[in-house]
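In what follows, a single structure is set out as structure tokens and then discussed.
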Amino acid sequence: SVFLPKLPLATAGQYEGYGYLGLGAIAMIFIGTYKLIRDEHRPSFKTIAPFAIVICAAFLLSLSNRITLPNIILVEIPGPSALMRVLEIFRASGRFIWVAYYGLIIVGALLLARSLSGRALLVTMTALLALQAIDIRPTLAEFRQVIRQPPPRFFDPAWNTLAAQH
């Protein structure tokens with residue numbers, strides 16, 4: 001983030017669930033929630049419940065059994081071995097944060113669309129998008145550097161044989 005400090009990691013594997021919404025998305029969610037609270041015609045619980053359940057479940061799964069804040073392991077919960085075997089299928093549970101984040105972003109955008117009219121919505125969303133682009137620019141630059149790296153070379157002669165066959 002350009003605006004917020006970078007948080008240290010507690011373990012080397014935390015990059016798997018890299019989950020920073022970006023200041024534009026965070027602001028959108030806060031504005032949408034504020035508008036929802038002030039709205040006299042709030043959506044019913046039946047309307048919100050499915051989104052809330054999926055978002056909360058994905059967030060809880062993303063925490064895994066080792067919960068950190070930011071570089072301190074707060075708690076490590078041993079789970080039942082049967083449950084742990086099922087969850088290990090997903091390898092890196094931190095990736096579930098993206099389900100929660102996309103859900104939050106969609107809900108935030110829907111709340112804004114519901115509470116603002118045409119021009120106000122366009123101006124607000126444009127400003128939030130600009131804020132988001134500025135905020136995550138350093139992360140995007142790092143990502144571009146990583147993907148520009150040449151692919152690894154395979155030196156084992158077996159690879160040449162396999163490549164010739166396909």
Side-chain angles (χ1 to χ4, degrees), residues 1-36 51-79 84-113 115-116 120-156 158-160 162-163 166:
S1 171
V2 168
F3 304 105
L4 301 173
K6 189 172 186 169
L7 298 175
L9 302 177
T11 67
Q14 283 184 298
Y15 68 91
E16 280 290 353
Y18 179 77
Y20 174 60
L21 278 169
L23 201 53
I26 292 169
M28 179 179 65
I29 292 164
F30 275 110
I31 293 167
T33 303
Y34 173 78
K35 293 284 195 182
L36 176 67
F51 291 108
I53 290 169
V54 168
I55 290 169
C56 288
F59 176 74
L60 290 173
L61 280 171
S62 76
L63 293 177
S64 81
N65 65 325
R66 183 181 298 149
I67 301 171
T68 63
L69 184 70
N71 62 336
I72 300 164
I73 298 175
L74 295 176
V75 66
E76 193 159 353
I77 305 164
M84 297 309 281
R85 278 195 303 272
V86 170
L87 293 176
E88 285 172 356
I89 294 169
F90 300 108
R91 288 188 51 222
S93 63
R95 296 173 187 170
F96 279 98
I97 198 64
W98 291 105
V99 176
Y101 278 8
Y102 286 137
L104 286 172
I105 290 169
I106 291 167
V107 167
L110 290 173
L111 289 173
L112 279 185
S115 62
L116 298 175
L121 179 62
L122 179 64
V123 169
T124 303
M125 292 300 276
T126 302
L128 291 170
L129 182 61
L131 177 61
Q132 183 80 356
I134 292 166
D135 187 46
I136 65 170
R137 187 177 179 148
T139 304
L140 292 177
E142 286 176 30
F143 179 70
R144 275 190 221 100
Q145 287 299 105
V146 169
I147 62 173
R148 285 185 181 149
Q149 299 298 319
R153 296 270 181 195
F154 298 107
F155 296 106
D156 190 323
W159 287 109
N160 294 331
L162 289 170
H166 296 283

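Source: prediction; values computed, not measured.
How far CG of Leu104 is from OG1 of Thr33: 8.5 Å, rounded to the nearest 0.5 Å. Atoms CG and CD1, on Leu111 and Ile106 in that order, are 12.0 Å from each other to the nearest 0.5 Å. Residue Thr139 holds its OG1 atom at 10.5 Å from CZ of Arg144, rounded to the nearest 0.5 Å. Atom CD1 of residue Ile31 and atom CG of residue Leu36 lie 13.5 Å apart, to the nearest 0.5 angstrom. The distance from atom CD of Gln132 to atom OG of Ser1, rounded to the nearest 0.5 Å, is 9.5 Å. Phe3 CZ to Leu131 CG: the interatomic distance, rounded to the nearest 0.5 Å, is 5.5 Å.
Among residues two or more places apart in sequence or in another chain, the side-chain hydrogen bond (donor to acceptor under 3.5 Å, both in side chains) test is passed with Tyr34 by Arg38. Take Leu162 and apply the side-chain contact (heavy atoms from CB on, under 4.5 Å) test, not counting sequence neighbours, and it matches Trp159, Gln165. Scanning for side-chain contact (heavy atoms from CB on, under 4.5 Å) contacts around Val146 gives an empty result, with sequence neighbours left out. Scanning for salt bridge (Lys or Arg N to Asp or Glu O under 4.0 Å) contacts around Glu142 gives an empty result, with sequence neighbours left out. Listed by chain and residue number, Phe143 satisfy the side-chain contact (heavy atoms from CB on, under 4.5 Å) test with Ile147 (two or more places apart in sequence, or in another chain). Residues that satisfy the side-chain hydrogen bond (donor to acceptor under 3.5 Å, both in side chains) test with Gln149, not counting sequence neighbours, are absent from this structure.
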Can you give each donor-acceptor pair under 3.5 Å made by side-chain atoms of residues 21-30, sequence neighbours left out, with the distance rounded to 0.1 Å?
none

Under 3.5 Å, side-chain donor or acceptor atoms of residues 51-60 against the rest of the protein: list the pairs with distances, not counting sequence neighbours.
none

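For the pair Tyr20 and Tyr101, the tightest heavy-atom approach, listed with the atom from each and the gap, is N-CE2, 3.7 Å.
Using a 4.5 Å cut-off on side-chain heavy atoms (C-beta onward), Leu128 and Leu112 make contact.
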I would like to know whether Leu116 and Met125 meet side chain to side chain contact (heavy atoms under 4.5 Å, CB included); could you show each step before the answer?
CA-CA 10 Å; Leu116 298 175; Met125 292 300 276; over 6 Å; no
